[in-house]
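Input: a single structure, listed below in structure tokens.
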Amino acid sequence: MDSGRSSKRRDHRIIIHFDYQSFYAAVFEAEDPSLKTVPFGVQQKQIIVTCNYEARKRGLHKLQLVRDAKKICPEVVILLGEDLSKFRDVSKRLYSFLRSFSWSNKLERLGFDEVFMDVTDMVDYNAELVNHRDLSNSFFCMSRDDPTVGFPFDASHVAGHTYPGHRNGAQIPESDTLLLRLRLGSHLASHIHAQLEEQMGYVSAVGISTSKLLSKLAGTMHKPRGLTTLLPPYVPQDDEPGNVILFMDQFDVGKVPNISSRMARKLQDHLSQRSPHGDQERTYQGPKGLTVRDVRTSPGMGPILLDRLLSGPGVPHGVGAKLWDLLNGIDNTEVGQARDVPRQISIEDSYGRLDKLEDVQLELGKLARSLIKRMRIDLTDDDDDADEKAEKEDERCPSNLPNAGTRRWLAYPKTLRLSTRPRPPANSDASRSYNHGRISRSAPMPPFMHNLTESVDTIAEKLVTDNLVPLFRRLHPKKDGWNLSLMNVAVTDMTEGAGDSKNASGRDIGKMFKAQEHSLKSWNAGEQDVPPPQNPGDMEILDPVVQRSTSSDWQGSEDTMPLSQSSQASYIHGGWESEEDGDDGRYSSELSLCTLCGARMPDFAYPAHQRFHEADDRGKPF
DNA sequence: AAGGCATAG
DNA sequence: CCTTCTATGCCTT
């Protein structure tokens, strides 16, 4: 049992955390810069999910009811934000932009608006290069091959803000290499931060430290656009606690990443229980006022006690030790490697009332259409890599539209899932309604979902009647009266895909799948009962006769969809590309479109962006 | 494997 | 306490 052991600090890494300022609002402002001077909020259903700075000045904030927002600020402009595709696209472009600076590709997105970047390799490389006799005139090398790529900087100071704010150089030992590496990290961060704003037009807050935990928390100190570096010494010296403990101690426990409000509440319960001075007047507020220090220094506190307080159903093993590490500013989790395809894709909508099968079918149809479009955007790629499809001069299709001639699947999701959330029964006794649970049923992915020659509408309709409605009936056998507040359709369990371009397995699998589709068609012409393989990776040994179905869920109707085979003409003309929703084709006269990478940006950003492409002789972001 | 919970933005 | 629309990972069965 190591549940009672805490980890040691390991400060060999340098990690930068970026947090874009009010991201959804920033996307709208990038689209239409004139919005910057008007207060607006982004609405999903009856909620303002975020708002711009002008609106915040007037007292609006995130997750506010639209009605409340209008009361406080009647002139507020409301923009619809239920369709996330725009935000997802921009998030990916910014991620690619940031990745273009990295040597290791150790970059991790958290939600749409945060990125962790492990720059240990770049920092260590440059730490070897600096002239300790003349730190003020340093040059940060951003390429291992070309020593002219980089920027001049002053390595004798940290760029941006620091914690603690008052620097006292005398406290830091002369030989502290961590200080130098943090300085280098701060200047690299500062450079990227500036480029992100100048070239892409997005403002961010940035934190620099040695872990995801510390860099993310550091970045909160000077929002919305500041850089903050957590200074050494990180380990206690003599009688001083060290800056990590000082830094962590000030935060409310609930604000520490990976300490949820739920855990914070349990901790608070524990502390107020043994507090002799009637602290229990705090009836139902959040984690307010309970700081890391309060918890860390409370009697008997440690991994063992935390385990006892927090363990339970649904809680990972070893919570106590993990929590204790977090309270002490220790987080050795790696920055995740970039993933090429998501683990799952899901589409959901919420409803005021959903009670009739007819409505359910209608809504399932909408969800299915969105899902299929998303699968085609996020799970496919251009087929030709050797092909010289050299620049036809009108090659300015927005990068998110997969309208190129040939597409292949990067990944094949193996399972389909339908989830619903019944509205909590309006209970007479007040207290017991703490369910907001979702329930779900899943089934094998029907193979026609991977047919790229059929239209989205055709496939969606078949999916609804053959698969989603049966799943729905499994969830809700009663014929009506389910009061659903939400439905979600997901595809998951992606097979392989395997990251980098050297690995051609995705391509091979795609070819196998196409071959399989073809043979399937002829088999299906007479044989209704032969399913395609569930696992494309096994296709090489494929003999349709021996494939067996483990479930009949995907196999519903007698009228199998006409699997018109891969005629290019059918794809191009019958195309789902004509099916594009108009929102993405929208353009504003205030925007420039980069012909090199497809980035959309405000006019002022365009020249700098072009210079970026010219100056960058390493791998292009796109 | 299926289904639910927890956590995050 | 929740509200929106997702995504990920772990737990139990």
Side-chain angles (χ1 to χ4, degrees), chain A residues 17 19-20 22-24 41-50 61-69 80-88 91 108-116 212 216 220 254-266 283-287 310-319 322-323 326 333 336 339 341-352 367 370-371 374 378 414-421 423-424 430-431 433-444 471 474-475 485-494 534-535 550-551 553:
Chain A
H17 176 259
D19 188 336
Y20 314 137
S22 48
F23 181 60
Y24 287 5
V42 180
Q43 175 178 219
Q44 287 172 344
K45 295 296 182 305
Q46 75 270 51
I47 303 285
I48 302 281
V49 290
T50 192
H61 51 86
K62 294 170 28 171
L63 301 182
Q64 196 169 30
L65 288 172
V66 172
R67 317 184 54 220
D68 296 346
L80 270 189
E82 287 173 21
D83 182 351
L84 303 187
S85 37
K86 195 166 53 177
F87 310 126
R88 186 159 39 231
S91 177
E108 184 180 340
R109 263 203 311 165
L110 186 57
F112 285 172
D113 69 338
E114 294 180 33
V115 173
F116 293 99
K212 293 207 284 183
K216 174 166 176 163
T220 65
K255 302 291 282 306
V256 175
N258 300 313
I259 300 181
S260 62
S261 51
R262 179 180 239 264
M263 286 181 175
R265 242 178 292 122
K266 288 189 183 179
T283 40
Y284 90 81
Q285 85 278 49
L310 302 171
S311 288
V315 179
H317 183 255
V319 235
K322 220 149 266 172
L323 244 297
L326 291 177
T333 61
R339 219 199 304 278
V341 289
R343 287 225 189 288
Q344 97 178 15
I345 296 175
S346 73
I347 302 288
E348 70 188 38
D349 202 348
S350 55
Y351 311 95
L367 296 176
S370 300
L371 181 65
R374 272 263 271 140
D378 285 359
K414 283 206 309 253
T415 106
L416 175 73
R417 185 178 61 223
L418 174 67
S419 310
T420 64
R421 187 181 60 197
R423 204 174 301 281
S431 55
S433 64
Y434 68 96
N435 325 311
H436 54 106
R438 288 144 105 108
I439 53 179
S440 68
R441 296 294 181 269
S442 46
L471 284 173
R474 277 216 270 150
L475 276 168
S485 64
L486 175 140
M487 291 203 297
N488 174 299
V489 182
V491 297
T492 183
D493 203 2
M494 316 286 184
Q534 292 305 321
N535 180 3
T550 57
S551 160
D553 277 324

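Letters A, B, ... mirror the listed sequences (proteins, then strands); counts begin at 1. Values reported hereafter were calculated over all heavy atoms of this structure, with side chains retained and with hydrogens, waters and symmetry mates removed.
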| message | Quick check: on DNA chain C, is the nucleotide nearest A:S346 upstream (toward 5') of the one nearest A:P316, or the reverse? Name the residue that is more 5'. | response |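 Whichever sits nearer the 5' end wins; that is A:S346.
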
| query | Given that A:V49 and A:I345 both sit by DNA chain C, which one's nearest nucleotide is further toward the 5' end? | reply | A:V49

Considering only side-chain heavy atoms of [X], which listed nucleotide, [options], is closest?
X: A:R88; options: C:dG9, C:dT6, C:dC5; answer: C:dT6
X: A:K216; options: B:dA8, C:dT4, C:dC11; answer: B:dA8
X: A:S442; options: B:dG9, B:dA2, C:dC5; answer: B:dA2
X: A:Q344; options: C:dT8, C:dT6, B:dG4; answer: C:dT8
X: A:R265; options: C:dT4, C:dT6, C:dC1; answer: C:dC1
X: A:S260; options: C:dC5, B:dG4, B:dA8; answer: B:dA8
X: A:R339; options: B:dA1, B:dA8, C:dT8; answer: C:dT8
X: A:I47; options: C:dT4, B:dG4, C:dC11; answer: C:dT4
X: A:Q46; options: C:dA7, C:dT3, B:dG4; answer: C:dT3
X: A:R262; options: C:dT4, B:dA6, C:dT8; answer: B:dA6

Just call it for [X]: base, sugar-phosphate, or nothing, with non-hydrogen atoms closer than 4.0 Å on any strand.
X: A:R417; answer: nothing
X: A:E82; answer: sugar-phosphate
X: A:R67; answer: nothing
X: A:I259; answer: sugar-phosphate
X: A:M487; answer: nothing
X: A:Q64; answer: nothing
X: A:I439; answer: sugar-phosphate

Can you check the [X] [atom1] to [N] [atom2] distance for me, whole Å?
X: A:Y351; N: C:dT4; atom1: OH; atom2: C1'; answer: 13 Å
X: A:L63; N: C:dC2; atom1: CG; atom2: C1'; answer: 10 Å
X: A:H317; N: B:dA6; atom1: NE2; atom2: P; answer: 18 Å
X: A:N488; N: B:dG4; atom1: CG; atom2: C1'; answer: 14 Å
X: A:R421; N: C:dC2; atom1: CZ; atom2: P; answer: 10 Å
X: A:K322; N: C:dC11; atom1: NZ; atom2: C1'; answer: 13 Å
X: A:F112; N: C:dT6; atom1: CZ; atom2: P; answer: 8 Å
X: A:L418; N: B:dG4; atom1: CG; atom2: C1'; answer: 15 Å

| query | Would you say the side-chain atoms of A:S261 pair up with the backbone N or O of A:G254, donor to acceptor, closer than 3.5 Å? | reply |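 Not a single qualifying donor-acceptor pair exists.
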
| message | Counting only heavy atoms not in A:K322 (residues, nucleotides, ligands), do more than 12 fall under 6.0 Å from its NZ? | response | no

Look at the side-chain N and O atoms of [X] and state whether any lies under 4.0 Å from the OP1 or OP2 oxygen of [N].
X: A:R374; N: C:dA7; value: yes
X: A:S440; N: B:dG4; value: yes
X: A:S350; N: C:dC5; value: yes

Would you say that [X] contacts [Y] through its side chain, given a criterion of any heavy-atom pair below 4.5 Å between the two side chains?
X: A:K255; Y: A:T220; answer: no
X: A:V341; Y: A:D378; answer: no
X: A:L84; Y: A:Q44; answer: yes

| field | Ring geometry between A:F116 and A:H17 (parallel below 30°, tilted from 30 to 60°, perpendicular above 60°) | value | tilted

| said: Looking at every heavy atom in both A:M494 and A:I345, which two are closest together, and how far apart are they? | reply: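 Heavy atoms only, the tightest pair is CE-N, 4.0 Å.
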
| request: Check DNA chain C for consecutive Watson-Crick or G-U pairs with both distances under 3.5 Å and list the runs of at least three as stems. | output: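 DNA chain C forms these stems: B:1-9 with C:5-13.
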
| request: Show the numbers, then the answer: is there a side chain to side chain contact (heavy atoms under 4.5 Å, CB included) between A:R438 and A:E348? | output: CA-CA 12 Å; A:R438 288 144 105 108; A:E348 70 188 38; 2.4 Å; yes

| Salt bridge present between A:K216 and A:D19 (N-O < 4.0 angstrom) | no

| query | Say you pick atom P in C:dT4 and the same atom in B:dG3; how far apart are they, in whole Å? | reply |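 Going atom to atom, P in each nucleotide, I get 25 Å.
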
| request: Start with the C-alpha gap between A:R109 and A:S91, add the side-chain angles, then the distance that decides, and say whether side-chain hydrogen bond (donor to acceptor under 3.5 Å, both in side chains) holds. | output: CA-CA 9 Å; A:R109 263 203 311 165; A:S91 177; 2.6 Å; yes

